[in-house]
Engineer: 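A single structure is presented below for examination.
Computed from a predicted model, the values in this text were never measured in an experiment.
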Amino acid sequence: MGDYFVGLKEYFPGIGKIRYEGPKSDNPLAFKFYNPERKVGNKTMRDHLRFAVAYWHSFGADGTDPFGAATHIHPWTTDADTLMAAHEHKLDAAFEFFTKLGVDFYCFHDRDLAPEGATPLESEKNLAHMVELAKEHQAATGVRLLWGTSNLFTHPRYMNGAATNPEFAVVANAAAQVKAAIDATIELGGQGYTFWGGREGYMTLLNTDLKREKDHLARFLSMARDYGRSHGFKGAFYIEPKPMEPTKHQYDFDVETVAGFLRAYGLEKDFRVNIEANHAELAGHDFQHELETAASLGIFGSVDANRGDPRNGWDTDQFPNNVFDTTLAMLAILRAGGFVTGGLNFDAKIRRNSVDLADLFEAHIGGMDAFAAGLLAAQHILDDGKLDAFVKERYSSFDSGEGKRFEDGKMSFEDLARVALSESAHEAAKIGRTSGKQEYLENLVMRYVLGVE
Ligand code: XLS
Ligand code: CA
Ligand code: CA
C-alpha cells in the first residue's frame with residue numbers, strides 16, 4: 001500500500017488495492033466497469049466521475065436505527081483510549097480505505113472529522129488538530145477534499161434550526177461552527193463547501209415566522225459567503241436541496257425552490273446545488289429532473305450519489321445500482337459540461353446487517369461500476385446522436401420563419417395569434433398531432449444501456 005502506511009495499523013486486512021478486471025470477472029472485490037484510466041469522450045473515467053467517499057456514513061455511522069443498537073463495531077473506535085484518539089484512528093482507517101478503493105476525493109462534516117468540545121472554542125481546537133493530520137494524510141496519498149460542510153443538526157441546540165433558529169444565540173453558535181468549517185475547508189484545499197439545511201425548516205407553521213426565518217437564512221449565507229471569499233476560498237458554495245426529514249418542511253425543498261430563493265436574495269452568483277438522488281425522490285422528482293433543472297438554471301454543481309427506496313418515504317441512502325438512472329444522470333451531467341468543482345459523492349450507507357469488512361468495499365465498488373456503466377452508455381448516446389437529433393427535430397419549427405421570430409422576441413402577441421388565424425381548415429386539423437415517440441426513445445436508451453461493455 002505504499003510507504004506511507006508502513007507502521008500504521010491496517011484496518012482492512014486481507015483487502016488490497018481494488019483493480020479493474022472487466023465485466024467477466026467474478027471477483028467481488030474488483031471493478032467490472034470502472035477502469036480509471038479508460039478514455040471516454042475527451043476525458044478519463046476518473047476525471048469524468050470524480051468519486052468521493054462520504055466520511056460520515058462510511059466511518060462514523062454504526063448501524064444504529066430507531067429499533068436497535070449499533071451493529072457496526074469499528075476497530076478505529078474500540079482500539080482508542082480517548083475520543084480524540086478514536087478520531088485520529090478513524091482518519092487512518094479512512095485514508096487506508098480511500099487508497100485501497102482508489103477514489104480521488106472525500107467529503108466530511110466538521111463533526112465527523114473532530115469531536116464537539118465543551119465550548120465552541122474547544123470544538124475549534126479539536127477541528128484544527130484533526131485538520132493538521134488530514135492535511136498530512138492528503139499530502140501523502142494524493143486524496144483530495146471534494147467539499148467540507150458543517151453539522152448543524154445533531155446537537156440539541158439545533159433542534160429548532162441553526163441559521164433559521166428563533167433564538168439569536170443559536171444563530172451565533174452556528175456561525176462560529178460554519179466559520180471554523182470554512183477555515184478547515186480552505187486549509188485542506190476543498191473544492192467546494194456545502195450547506196445542507198439540516199433543520200432549516202419548520203415542524204409547524206403555528207410557531208414559525210416563515211418570512212423572518214428565510215431572511216435570516218439568506219443573511220447567514222451571504223455573510224458566510226463573504227467570509228469565505230475574503231479568506232481565499234475560490235471553490236463553489238453548494239446548497240443541497242431536500243424537501244423534508246428531519247423537519248416537516250425544509251426551505252431548500254428542491255432545485256427549483258433553491259433557485260428561486262437564491263435569486264430572491266441575490267445569491268445566485270456564488271451558490272450552486274449539490275443534488276442528491278434520494279432527496280430528489282423525496283421531493284417527488286426523478287434524479288434526472290433535478291439535474292436537468294439545475295443545468296437549465298445554470299446552477300448545477302455536484303452530486304450526492306445514492307438511491308432511495310421508491311416504496312417508502314424516507315432517506316434510505318442506499319448505494320446506487322440502477323444503470324438506467326445512472327445513465328440518465330450521466331447524460332444530464334455530460335450535457336451540462338461535466339463536473340468542474342463537483343463530483344460524485346457516495347452519500348450512502350451499508351445496511352445495518354452488513355457487518356463484514358468487505359461490505360463497505362463491495363458497496364462502493366457497485367456504486368462506482370453503476371456510474372461507470374452509466375457514463376459509457378451516456379457517452380454512447382451522445383456519440384450516436386439519435387436522441388439529440390430527435391429532440392432537435394421536435395423543436396425545429398422554432399429554428400426558422402415565424403417560430404424563430406417568436407423565440408427571438410420579435411413578435412407581438414397579436415402577430416403570434418395571427419399565425420393561427422391564417423391557417424386553412426386542412427392545416428388546422430393536422431396541427432399538434434405529432435407523436436412524442438416515448439416508447440421508441442425508451443427502447444433506444446435500453447439498447448445503449450444493455451450494450452455497455
Ligand atoms: C442528509 C444529507 C447530508 C448532507 C451533508 O440527508 O444528505 O448528509 O449531504 O450534510
Ligand atoms: Ca447528501
Ligand atoms: Ca440523504
Side-chain angles (χ1 to χ4, degrees), residues 23 32-34 38-43 45 48-49 254-256 275 277-278 280-281 283-298 300 303 305-311 320-339 344 366-367 369-404 406-407 419-420 423-453:
K32 318 295 178 303
F33 294 97
Y34 180 59
R38 175 170 172 185
K39 262 302 214 25
V40 180
N42 58 351
K43 284 194 279 194
M45 276 194 167
H48 272 294
L49 299 167
D254 62 0
V255 170
E256 200 78 58
I275 299 171
N278 202 158
E281 178 157 7
H285 300 307
D286 291 335
F287 186 24
Q288 183 193 13
H289 167 91
E290 288 292 78
L291 293 166
E292 293 208 4
T293 301
S296 76
L297 295 163
F300 170 67
V303 165
N306 62 10
R307 77 176 203 272
D309 183 324
R311 281 163 296 281
N321 67 358
N322 180 329
V323 180
F324 268 89
D325 284 351
T326 58
T327 297
L328 297 177
M330 286 314 301
L331 189 59
I333 292 166
L334 292 177
R335 282 180 175 151
F339 290 118
L344 292 164
D369 273 339
F371 269 94
L375 167 66
L376 290 169
Q379 184 67 44
H380 196 174
I381 290 173
L382 292 177
D383 291 345
D384 259 18
K386 286 197 187 70
L387 198 65
D388 283 347
F390 179 87
V391 175
K392 186 160 181 1
E393 175 58 27
R394 195 162 184 239
Y395 294 87
S396 58
S397 57
F398 294 92
D399 291 343
S400 59
E402 304 281 49
K404 180 150 174 40
F406 162 81
E407 245 192 19
V419 173
E423 271 156 18
S424 68
H426 177 67
E427 280 167 334
K430 286 192 307 188
I431 295 259
R433 296 183 55 80
T434 311
S435 175
K437 303 297 287 177
Q438 182 169 336
E439 296 76 10
Y440 157 77
L441 296 170
E442 284 170 351
N443 295 351
L444 192 62
V445 171
M446 181 157 66
R447 268 186 45 219
Y448 296 119
V449 171
L450 298 177
V452 160
E453 50 191 39

Engineer: Supply the atom-to-atom distance His289 NE2 to Ser296 OG, rounded to the nearest 0.5 angstrom.
Structural biologist: 8.5 Å
Engineer: Measure the CG-CZ distance between Leu376 and Arg38 for me, rounded to the nearest 0.5 Å.
Structural biologist: 4.5 Å
Engineer: Does a side-chain heavy-atom distance below 4.5 Å link Val445 with Leu331?
Structural biologist: no
Engineer: I'd like to check Ile275 versus Phe300 (side-chain heavy atoms, cut-off strictly below 4.5 Å). Are they in contact?
Structural biologist: yes
Engineer: Looking at OG1 of Thr327 and CD of Gln288, how far apart are the two atoms once the value is rounded to the nearest 0.5 Å?
Structural biologist: 10.5 Å
Engineer: Enter the distance from Ile381:CD1 to Asp388:CG here, rounded to the nearest 0.5 Å.
Structural biologist: 9.0 Å
Engineer: Is there a donor-acceptor contact under 3.5 Å from the side chain of His48 to the main chain of Leu375?
Structural biologist: no
Engineer: Any side-chain heavy atom of Met330 within less than 4.5 Å of one from Leu49?
Structural biologist: yes
Engineer: Determine yes or no for a side-chain-to-main-chain donor-acceptor pair under 3.5 angstrom, with Thr326 supplying the side chain and Ala370 the backbone.
Structural biologist: yes
Engineer: Which pairs pass salt bridge (charged side-chain N to carboxylate O under 4.0 Å, His left out) with one or both residues in residues 428-451, sequence neighbours excluded?
Structural biologist: none
Engineer: Over all heavy atoms of both residues, which pair between Val323 and Val449 is shortest? Give the atoms and the distance, please.
Structural biologist: CG1-CG1, 3.9 Å
Engineer: For the atom pair CD (Glu292) and CG (Leu297), what is the distance rounded to the nearest 0.5 Å?
Structural biologist: 11.5 Å
Engineer: Side-chain contact, heavy-atom cut-off 4.5 Å: Phe287 with Leu328?
Structural biologist: no
Engineer: Taking the ring centre of each residue, are Tyr448 and Phe324 less than 6.0 Å apart?
Structural biologist: no
Engineer: How would you list, by chain and number, every residue that makes a ring pair (Phe, Tyr, Trp, His ring centres under 6.0 Å) with Tyr34, sequence neighbours excluded?
Structural biologist: Phe31, Phe51
Engineer: Apply side-chain contact (heavy atoms from CB on, under 4.5 Å) to Glu393 and list each qualifying residue two or more places apart in sequence or on a separate chain.
Structural biologist: Ser396
Engineer: Measuring from atom CG of Asp384 to atom NZ of Lys386, what distance do you get when rounded to the nearest 0.5 angstrom?
Structural biologist: 4.5 Å
Engineer: Quick check: closest heavy atoms across Asp369 and Lys32, and the distance to 0.1 Å?
Structural biologist: OD2-N, 2.9 Å
Engineer: Asn278 side chain to Asn306 main-chain N or O, any donor-acceptor pair under 3.5 Å?
Structural biologist: no
